[in-house]
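Each chain gets a letter, A, B and so on, in the order the sequences are listed, and its residues count up from 1. Atoms considered below: every heavy atom in the structure, side chains included; atoms not considered: hydrogens, waters and symmetry mates.
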2 protein chains.
Amino acid sequence: MTITQLKYVLAVAEHQNFTKAAEKTFVTQPTLSMQIQKLEDELDILIFDRSKKPIELTEVGKKIVEQARNIVNESERMQDVVDQEKGFIGGTFKLGIIPTIMPTLLPMFLKNFSNRYPKVQLKIEELNTDEIITKISDGYLDAAIAATPLKHDKIKERVLYYEPFVGYIPENHRLTSKEKLEVGDLDIDDILLLEDGHCFRDGIINLCKASKHGGIDKFQLESGSFETLVKLSNEGLGMTLLPYLHTLDINPSLTKNLRYFKNPSPAREVSLIYSKSELKLQTINALYDIIAGVIRGAIAFQDVKVISPTKK
Amino acid sequence: MTITQLKYVLAVAEHQNFTKAAEKTFVTQPTLSMQIQKLEDELDILIFDRSKKPIELTEVGKKIVEQARNIVNESERMQDVVDQEKGFIGGTFKLGIIPTIMPTLLPMFLKNFSNRYPKVQLKIEELNTDEIITKISDGYLDAAIAATPLKHDKIKERVLYYEPFVGYIPENHRLTSKEKLEVGDLDIDDILLLEDGHCFRDGIINLCKASKHGGIDKFQLESGSFETLVKLSNEGLGMTLLPYLHTLDINPSLTKNLRYFKNPSPAREVSLIYSKSELKLQTINALYDIIAGVIRGAIAFQDVKVISPTKK
DNA sequence: TCCAGCTATAGCTTATATCGATAGAAACAT
DNA sequence: ATGTTTCTATCGATATAAGCTATAGCTGGA
């Protein structure tokens, strides 16, 4: 069994076609066929069911592919280990970002970063916090940007910034006349929330739990984007809370509806997180510096109170 | 980079000597030298510092070796995947057992198992619960026997038996005259405990916490073996608690000092645990059946109350 | 029935893993 | 110092295996 054979298997599994897989792996189709046959002989099983069109994995084959992916992934991390030592900043770098941070933060640093470090090929994925934790732990992601603290054994956190919560109060709301919000003003039943799975939603629930100890009975409406929440709010369905950076993008005609909190303002802590194995640390440091640099100009709040992003 | 090269690196790292490593890997020394040089060239680093005698790993080398071990481990699990599918029961099988279970349980099933499944080469290690969890997660152990429930994401538990706690009450103790113990009789300050790190100790602490809510002030004495605890107890230093199976080995002249609990007796749950990846499941099932079989004759208790084996 | 699209096989070439023999370097013993 | 032992690197030869081109063989539409 060689790593090359495993890569061939992965390619065929992906393209369900020997000929295409051969092109992708830069060898001829007979080479691929032979190597895969050799592996099948060695393990004494069939990986592919060649009678099906297009070709299919056998039951064992599926498990073989899974394990092959583990091995190939680990083997590709060997180069990272070396780069690490040499201080080389380059190669592919997989970054996860949670949905409520992605649209506002990404445009702020992306160009900046890729100009400064052209040898790094950034691959960015929008993932929720749970997915991020899994994928950092198993080495799929090199780093991620998420709300913290997560207090996870295997994950390091470096705080990028504190992003205050800002109230969006529609006209004719009971809080419209207030100039500054207080946590005590909030009523969870009156706040439009993102749909389940977003940690920003959990943060708000935690915030309200902390302010009054009553249970949470119902969420009137739920949506996946702040834009929708603001529109629903304008329809008189309740107020909502936005992360500060989102308020910068809001339609200027609506900024009059924004209400900040009195100090200390509730805020979420946003961090760059990565595995304690610290592979690609140089790239992580570079990314941290770039993001911290651009954010310094955008967020000036000092006196904040961090709200936990996780349930319970 | 080939898996073979990585195995050579691991061998040299282990033996700190090319010649010995060559013997262990069944190739000649020049072969080893060349392959390792090739890998070093490819990665463009030095793995070994050959100026030192005996040979040493460079700083990068240490990390390379770590990653190489990951890759080689994963690659060896490929065979397990195949065996899994074929229902083959054999190969090496690494089993961890916590210290308070090892001496009583192991002799009960070991011969039995290896007679029944001669193709399995059992490698057994005595490890505490924390070590077991780590080593199951990273694939070092194939399974383990420990006190449960552990409620760990990546670990499956199959209960083998419930083992009641039994009091050992020395003569002239305030509880000597009691025929049956009750949890309320226990006073944590009066109980001789194993040293820190044993989950049986944590279980007893949980038991006493549950019975009366007072804090735990001091542990008068601590030891690593039940034999010592019994001797100390006989010296008048207090009572102690033993897991049921241990009481079967006790000196017959001392069995008069044993006191069982009233039903439901506090007990620990002992399980066979293994990774959710379920590699070598056939072997695990075989092991489960053998152990459950021998234990059925030894433990007849029905009405027990499980005590958590973990701190807090 | 023919053709298009695949995969497998054959025969050959090239690359390389391995070997035995030996050189070279370092540590050790006398 | 000097010979001896111990260890790693280098050399040249060889067997193994990976790769290529050409083509056979299979299968499912037109």
What is the minimum heavy-atom distance between [X] and [Y], and which atoms define it?
| X | Y | result |
| --- | --- | --- |
| A:Met102 | A:Pro107 | O-CD, 3.9 Å |
| A:Thr25 | A:Ala11 | CG2-CB, 3.6 Å |
| A:Leu6 | A:Val72 | CB-CG2, 4.0 Å |

Report task. Verify the contact: side-chain N or O of A:Lys38 to OP1 or OP2 of D:dA17, cut-off strictly under 4.0 Å; return yes or no. Result -> no
Requested in this report: Mind listing the residues from residues 11-31 of chain B sitting with a heavy atom below 4.0 Å of DNA chain D? Number order is fine.
Outcome: B:Asn17, B:Phe18, B:Thr19, B:Gln29, B:Pro30
**Report entry** Residues in contact with DNA chain D, drawn from residues 40-48 of chain B - heavy-atom cutoff 4.0 Å
**Finding:** none
Query - Distance flag, aromatic centroids of B:Tyr117 and B:Phe93, threshold under 6.0 Å - result: no
Residues [X] and [Y]: side-chain donor-acceptor under 3.5 angstrom:
| X | Y | result |
| --- | --- | --- |
| B:Gln29 | B:Ser33 | yes |
| A:Thr31 | A:Thr28 | yes |
| B:Glu125 | B:Tyr140 | yes |
| A:Asn70 | A:Gln67 | yes |
| B:Thr228 | B:Ser225 | yes |
| A:Gln84 | A:Asp80 | no |

Salt bridge or not for [X] and [Y], using N-O below 4.0 Å?
| X | Y | value |
| --- | --- | --- |
| A:Arg201 | A:Glu195 | no |
| A:Arg50 | A:Glu40 | yes |
| A:Glu85 | A:Lys280 | no |

Separation of [X] atom [atom1] from [N] atom [atom2], in whole Å?
| X | N | atom1 | atom2 | answer |
| --- | --- | --- | --- | --- |
| A:Leu32 | D:dC20 | CG | C1' | 13 Å |
| A:Leu6 | D:dA18 | CG | P | 13 Å |
| A:Gln37 | D:dA17 | CD | C1' | 15 Å |
| B:Glu56 | D:dC7 | CD | P | 16 Å |
| A:Ile55 | D:dT27 | CD1 | P | 13 Å |

Could you go through nucleotides 28-30 of chain D and list every protein N or O atom that sits under 3.5 Å from one of its N or O atoms, giving the distance for each pair?
none

Query raised in the report: Is the NZ atom of A:Lys86 crowded by more than 12 outside heavy atoms at less than 6.0 Å?
Result: yes
Report task. Mind grabbing the angle between the end helix axes of the helix from C:dT1-D:dA30 to C:dT30-D:dA1? Five pairs an end, 10° rounding. Result -> 20°
Query raised in the report: For A:Lys94, which residues count as a salt bridge (charged side-chain N to carboxylate O under 4.0 Å, His left out) partner, sequence neighbours excluded?
Result: none
Query - side chain to side chain contact (heavy atoms under 4.5 Å, CB included) assessment of B:Ile132 paired with B:Leu141 - result: CA-CA 8 Å; B:Ile132 282 175; B:Leu141 286 179; 4.2 Å; yes
Report summary line: Its 5'-most and 3'-most nucleotides having an atom under 4.0 Å from a non-hydrogen atom of chain A, DNA chain C is contacted over C:dC6 to C:dT9
